[in-house]
Amino acid sequence: MASSSSTSGLGSGSGSALTERRGIPGAQFVEDVQTYLTESGLDVGSALAFLQERLQQYKVVEMKLLAQQRDLQAKIPDIEKCLEVVATLQAKKGTGEELITDFEVSEGIYSRARIEETDSVCLWLGANVMLEYSLEEATGLLQKNLDNARASLDVLIADLQFLRDQVTITQVTIARVYNWDVHQRRIQPAATPTAQE
């Protein structure tokens, strides 16, 4: 945890305003490497180590966000299917017709069911909880869940784009610091013999 406190200290001591999005720290683009190193009080090795650590942190966050995105992308079609089923039940309501359908008992195993006219459905809420709702309440709840899932997916996509931008900025900064160091090492031996003459 000590590295996270020095991480925030480095970012704030660099003089450039860093943005943050939902807990993802913003990366600093380094215009002048010499000034960056002087203001942060780090040598090249420490600065590169910090930037590499930050890059790894971004990669971990990216993996988590991608997993959340996959979950939401799988959840949305399930909610849409449930809404279709409830809409079908509402359409059959009052007609006196039975609804014959196949439903999944377990993965790959289906059973045929005859559903008589009904005013309610049971919705699986998760955590071993199932509640009975009227068709209208179920439609409202499912629509609200669908809207929330879509909104969450939009925010997640924006977070991923922000994160990818920060990864790119960090990679460019690493390259700039490394190249600056290589350039300084080349200049230093060339300057030393002329000073001796």
CG/N145 to CG/D78 distance, rounded to the nearest 0.5 angstrom?
-> 12.0 Å

Atom CG in D119, atom CG in L135: separation rounded to 0.5 Å?
-> 6.5 Å

Are the side chain of Q166 and the backbone N or O of F162 linked by a donor-acceptor pair below 3.5 Å?
-> yes

Between E104 and S106, which heavy-atom pair has the shortest distance, and what is it?
-> CG-O, 3.1 Å

Rounded distance (nearest 0.5 Å) linking atom CG of L65 with atom CD of Q161 | 12.5 Å

Atom NZ of K92 and atom CD of E97: how far apart are they, to the nearest 0.5 Å?
-> 4.0 Å

Smallest heavy-atom separation, V172 atom then F29 atom, equals CG1-CE1, 3.7 Å

Same cluster or not: are V129 and I79 linked, directly or through other Ile, Leu, Val, Met, Phe, Trp or Tyr residues, by side-chain heavy atoms under 4.5 angstrom apart?
-> yes

Min side-chain heavy-atom separation L37-W180 under 4.5 Å = yes

Student check: side-chain heavy atoms of V167 and Q171 closer than 4.5 Å = yes

Cluster overlap V182 with V44, hydrophobic side-chain contacts below 4.5 Å = yes

Counting N and O atoms only, with roles assigned by atom type, does the side chain of D181 sit under 3.5 Å from a partner on the main chain of V177, one being a donor and the other an acceptor?
-> no

Distance from I100 atom CD1 to R112 atom CZ, nearest 0.5 Å?
-> 7.0 Å

Could you point out which residue of Q69, Q68, K75 forms a side chain to side chain contact (heavy atoms under 4.5 Å, CB included) with L153?
-> Q69

Does OH in Y133 sit with more than 12 non-hydrogen atoms of other residues, nucleotides or ligands closer than 6.0 Å?
-> yes

For the residue pair E117 and G96, what are the closest heavy atoms and their distance?
-> OE1-N, 3.5 Å

T170 side chain to R54 backbone, donor-acceptor under 3.5 Å = no

Would you kindly confirm whether W124 and L142 end up in one hydrophobic cluster when ILVMFWY residues are joined by side chain heavy atoms under 4.5 Å apart?
-> no

Taking atom types as modelled, is there a side-chain donor on S46 or D43 under 3.5 Å from an acceptor on the other?
-> yes

Cluster link L99 to Y110, ILVMFWY, side chain under 4.5 Å | no

Closest approach of R21 and V155, non-hydrogen atoms and distance?
-> NH2-O, 3.7 Å

Steps toward side chain to side chain contact (heavy atoms under 4.5 Å, CB included) verdict (Q90, T139) | CA-CA 10 Å; Q90 282 179 320; T139 300; 3.6 Å; yes

I174 vs Q52 side-chain heavy atoms within contact, under 4.5 Å = yes

Determine, using the 4.5 Å side-chain heavy-atom cutoff (strictly less than), whether L125 and L83 are members of one ILVMFWY cluster.
-> yes

Would a 4.5 Å heavy-atom cut-off, applied to side chains only, mark E80 and I76 as touching?
-> yes

Inter-residue atom distance K59.NZ - L163.CG, 0.5 Å rounding | 8.5 Å

Should we say atom NZ of K93 is surrounded by more than 12 heavy atoms from elsewhere, each under 6.0 Å from it?
-> yes

Do L160 and L66 come within less than 4.5 Å of each other through their side chains, counting heavy atoms only?
-> yes

Without swapping roles, check the side chain of E132 against the backbone of S120 for a donor-acceptor pair under 3.5 Å.
-> no

Would you say R164 has more than 12 foreign heavy atoms packed within less than 6.0 Å of its CZ?
-> yes

Is there a donor-acceptor pair under 3.5 Å between the side chain of E137 and the backbone N or O of S134?
-> yes

Within the side chain of Y58, is there an N or O that forms a donor-acceptor pair under 3.5 Å with the backbone of P25?
-> yes

When you check the gap from the basic side-chain N to the acidic O, do R176 and E31 get nearer than 4.0 Å?
-> no

